[in-house]
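Keep in mind that the numbers below use all heavy atoms, side chains included, and drop hydrogens, waters and symmetry copies. The structure displayed is predicted, hence computed values, not measured ones.
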Amino acid sequence: MLDPTMRVLIANRGEIAVRVARTCRRLGLPTVAIHTDLDADAPHVRACDEAARVSSYLDVDEVVDQARRHGCWAVHPGYGFLSERSAFATALEQAGIVLVGPSAAVMEQMGRKDAAREIAIAAGVPVVPTGAEAPYPVLVKAAAGGGGKGMRVVRSEAEMDEAVAAARREALSAFGDDTMLVEKYVEHGRHIEVQVIGDTHGTVLHLHERDCSTQRRHQKVLEEAPAPTIDAGARDRITRAAVDLAAHVGYVNAGTVEFLLDAETGEFYFLEMNTRLQVEHPVTEATTRVGGEELDLVELQLRVAAGEPLGLTQDDVRLVGHAIEARVYAEDSFGGFLPQAGTASIVRWPGARAGSGTVRVDHALEPGQVVSTSYDPMLGKVVAHGPDRESARRALVEALDATAILGLTTNAGFLRALVASDEFRDATIDTAWLDTAAVEEPSADVPRALVAWVSAMLTSSERGHAFQSDGFRLGAAPAPTLVELDREVLVDRAAGTVDGVPFRQLGAADHVLEAVVDGVTVRAVVNVQPGPTGVHEVVWRGQRFAFTPPDRLAGSAVVGDGTITAPMPGTVLDVRVAVDDVVEEGQVLGTMEAMKMELSLKAPFAGTVTAVDVAAGAQVPLGAPLFVVEPQ
């Protein structure tokens with residue numbers, strides 16, 4: 001039984017560490033946070049009762065030593081970092097400390113895709129064809145780890161060597177293991193996964209399934225429960241296969257069995273088992289009931305780790321309604337999904353209700369917090385639950401409308417557009433859809449009008465910064481004002497127009513502007529910075545727009561002039577050319593990495609390299625000049 005003497009070290013950071021701490025606090029279990037120097041005052045540290053410094057979240061010896069020093073009964077690994085490292089589980093077992101997860105032996109078996117495949121075959125679970133059985137296109141993927149790292153789709157033999165080399169580098173960086181698998185690539189697949197949990201008394205249950213088909217670069221973007229495109233028969237076959245596999249291997253604690261459903265044939269294949277809590281576990285919690293109560297998967301994990309029986313049968317677990325989760329990342333979704341970094345200036349998350357649904361936000365981001373490329377780019381998760389899928393979808397659109405992060409670019413606007421799309425509404429998106437489809441980028445016209453109006457208010461104010469927490473304060477008579485954004489915009493306050501478009505302010509408070517623009521009521525978060533260095537920002541429908549006046553753009557590299565700049569802040573992995581080298585269009589000049597994502601830097605056209613301004617291992621900011629190619 002759990003009691004207040006059972007201290008738990010949380011071997012993670014960010015929103016999952018905050019989320020685990022929340023359940024521990026409710027159960028009366030004291031918690032210990034670990035942190036690096038970069039995270040000394042991070043939200044997850046303040047969420048725990050005690051804190052312990054480590055040089056790296058990946059240092060097994062340091063983490064185990066801190067758990068021992070603080071007298072911890074158990075370690076909850078969250079997800080990522082050490083959560084699926086069997087060496088970590090072994091070290092804890094040797095130290096007499098409980099891992100809130102499966103045993104080291106089971107983790108070693110199921111944590112590797114190659115070993116797990118053989119176990120699935122033995123358990124009678126269908127698997128994806130590999131090797132000679134898998135004609136092109138194929139998927140090259142890391143045998144260790146997950147999360148879309150170390151994966152490449154290969155469509156011909158000519159692409160194979162480069163794809164394998166890149167996947168090996170990515171896998172080695174992310175998991176310390178560059179072993180590769182090659183298997184059939186299903187062009188139009190649905191990613192269906194089943195939440196399972198087993199106790200030490202022989203009970204293994206499933207907590208129903210999730211659909212995670214909305215992906216880009218093999219990383220999940222939206223997840224939902226239950227899966228909207230399978231019937232009762234397919235649901236029964238897939239969930240039964242997941243339980244059979246978990247029971248066969250003697251699985252204990254929470255885990256997820258992932259399957260690929262071929263949308264064209266209806267066949268499903270085992271992909272992998274994640275031997276930990278999943279990022280998307282909130283949609284399972286939101287839709288799963290036992291005796292009328294919503295499940296807390298972290299509580300179940302802790303009770304199982306303490307040796308308690310689940311005390312449930314499969315019939316006790318019921319599905320209620322529908323839930324959809326959106327992952328908010330620090331990335332430029334309309335600029336190649338490249339990682340972003342910066343300092344969050346204004347952070348607003350949605351409230352607990354939206355339309356006919358309820359909203360849950362798991363996050364660890366606050367104003368003034370630095371977001372670096374040192375860690376995973378996920379900033380938080382917005383989850384909407386409703387009595388049916390459509391009500392949950394509408395609630396999520398409304399919740400993303402209310403999400404505003406300024407100071408750096410996030411994917412919230414992309415998520416909002418995606419959830420509002422006809423394709424997501426109709427549940428027609430498969431795992432490859434985002435690789436070829438284009439989600440329409442929101443127009444900058446309305447945000448430009450909002451920023452121009454606020455800027456004009458500031459220009460006319462005689463009492464300092466007019467955009468304060470108590471709203472606009474006007475101190476001058478209405479007059480036409482010319483505002484410079486990324487282009488000239490004419491604001492005529494007397495006529496109530498912006499570039500000739502009717503504009504009527506409804507209200508303003510604490511950076512939130514409500515207005516009617518050309519007959520449409522809009523609400524946005526606006527941050528206009530006066531002075532020669534200020535950048536004007538607005539978040540509308542989740543999307544951040546940053547406007548830099550033309551006179552502040554001097555010195556920037558001109559797109560198309562042969563200058564290759566850093567498309568994201570990160571680390572240069574290698575440099576493959578030197579000055580005076582002759583290169584072909586599309587030739588790789590070097591590679592860089594940020595947040596465990598590797599990107600090739602290619603020549604924009606055939607020509608001669610005239611400058612190499614970077615070396616391997618260098619840390620570079622967004623926009624830093626790296627290479628110059630002079631066209632032939």
Side-chain angles (χ1 to χ4, degrees), residues 77 79 83-84 86 89-90 93 98-128 146 191-210 212 225-227 230 232-261 267-278 280-281 284-285 287-290 295-319:
Y79 40 70
S83 62
E84 293 184 284
S86 59
T90 298
E93 289 174 8
V98 174
L99 173 71
V100 183
S103 67
V106 170
M107 189 179 291
E108 175 66 25
Q109 288 177 294
M110 302 309 297
R112 290 190 58 86
K113 295 180 179 67
D114 46 4
R117 173 187 172 85
E118 297 307 314
I119 292 170
I121 293 172
V125 176
V127 297
V128 182
H191 186 115
I192 310 293
E193 61 185 31
V194 181
Q195 179 71 62
V196 296
I197 190 161
D199 63 20
T200 56
H201 304 271
T203 299
V204 179
L205 303 175
H206 73 78
L207 305 179
H208 298 285
E209 86 289 348
R210 302 182 286 255
C212 307
I230 61 175
R235 175 172 289 112
D236 180 66
R237 291 191 298 275
I238 291 173
T239 53
R240 187 169 61 247
V243 171
D244 288 347
L245 178 61
H248 180 84
V249 78
Y251 195 85
V252 172
N253 217 277
T256 298
V257 185
E258 301 195 353
F259 297 94
L260 182 63
L261 178 70
E267 296 178 290
F268 69 93
Y269 307 106
F270 168 74
L271 283 178
E272 62 182 347
M273 184 172 191
N274 289 294
T275 56
R276 52 170 168 81
L277 197 65
Q278 290 280 91
E280 57 272 24
H281 75 274
T284 292
E285 292 180 326
T287 55
T288 307
R289 301 287 186 276
V290 172
L295 285 184
D296 182 330
L297 274 167
V298 173
E299 178 179 351
L300 288 181
Q301 285 189 291
L302 291 165
R303 293 194 181 282
V304 166
E308 295 182 27
L310 288 169
L312 301 173
T313 67
Q314 193 62 64
D315 291 338
D316 294 326
V317 182
R318 297 186 303 111
L319 270 174

Report task. Return the set of residues passing side-chain hydrogen bond (donor to acceptor under 3.5 Å, both in side chains) with E258 (not counting sequence neighbours), or none when no residue passes. Result ->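 For E258, the residues satisfying side-chain hydrogen bond (donor to acceptor under 3.5 Å, both in side chains) (neighbours in sequence not counted) are H191, K220, N274, Q278.
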Report task. Mind checking side-chain hydrogen bond (donor to acceptor under 3.5 Å, both in side chains) for D244 and listing every partner two or more places apart, or none if nothing turns up? Result ->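 Expected list: none.
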**Report entry** Approximate separation, where rounding is to 0.5 Å, of E193 CD and T284 OG1
**Finding:**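 Here the interatomic distance stands at 7.5 Å.
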Would you check if [X] and [Y] make a side-chain contact, meaning some heavy-atom pair closer than 4.5 Å?
| X | Y | result |
| --- | --- | --- |
| Q195 | H208 | no |
| L300 | D199 | no |
| V298 | L302 | yes |
| L207 | L295 | yes |

Query raised in the report: Would you say the side-chain atoms of D316 pair up with the backbone N or O of V290, donor to acceptor, closer than 3.5 Å?
Result: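 Looks like no, no N/O pair under 3.5 Å.
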Query raised in the report: Is there a donor-acceptor pair under 3.5 Å between the side chain of E280 and the backbone N or O of R210?
Result: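 Such a contact is absent between E280 side chain and R210 backbone.
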Of the non-hydrogen atoms in [X] and [Y], which two are nearest, and what is the gap between them?
| X | Y | result |
| --- | --- | --- |
| R235 | P226 | NH2-CB, 3.7 Å |
| A104 | E93 | N-OE2, 3.0 Å |
| T239 | D236 | OG1-O, 3.3 Å |
| V204 | A246 | CG1-CB, 3.8 Å |
| Y251 | R276 | OH-N, 3.9 Å |
| P126 | F268 | CG-O, 3.3 Å |

Query raised in the report: In terms of side-chain heavy atoms, does T288 have a donor or acceptor partner in R318 at a distance below 3.5 Å?
Result: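 Not at all, the side chains of T288 and R318 share no donor-acceptor pair under 3.5 Å.
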Query - ring-ring contact (aromatic ring centres under 6.0 Å, His included) partners of Y269, counting only residues at least two apart - result: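 If we apply the ring-ring contact (aromatic ring centres under 6.0 Å, His included) test to Y269, skipping adjacent residues, there are no hits.
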Query raised in the report: S86 and side chain to side chain contact (heavy atoms under 4.5 Å, CB included): which partner among Q109, M110, E108, R112?
Result: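 Option passing the side chain to side chain contact (heavy atoms under 4.5 Å, CB included) with S86: E108.
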Query - Sole candidate of E84, E118, E272 that passes salt bridge (Lys or Arg N to Asp or Glu O under 4.0 Å) when paired with K113 - result: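 The passing option is E272.
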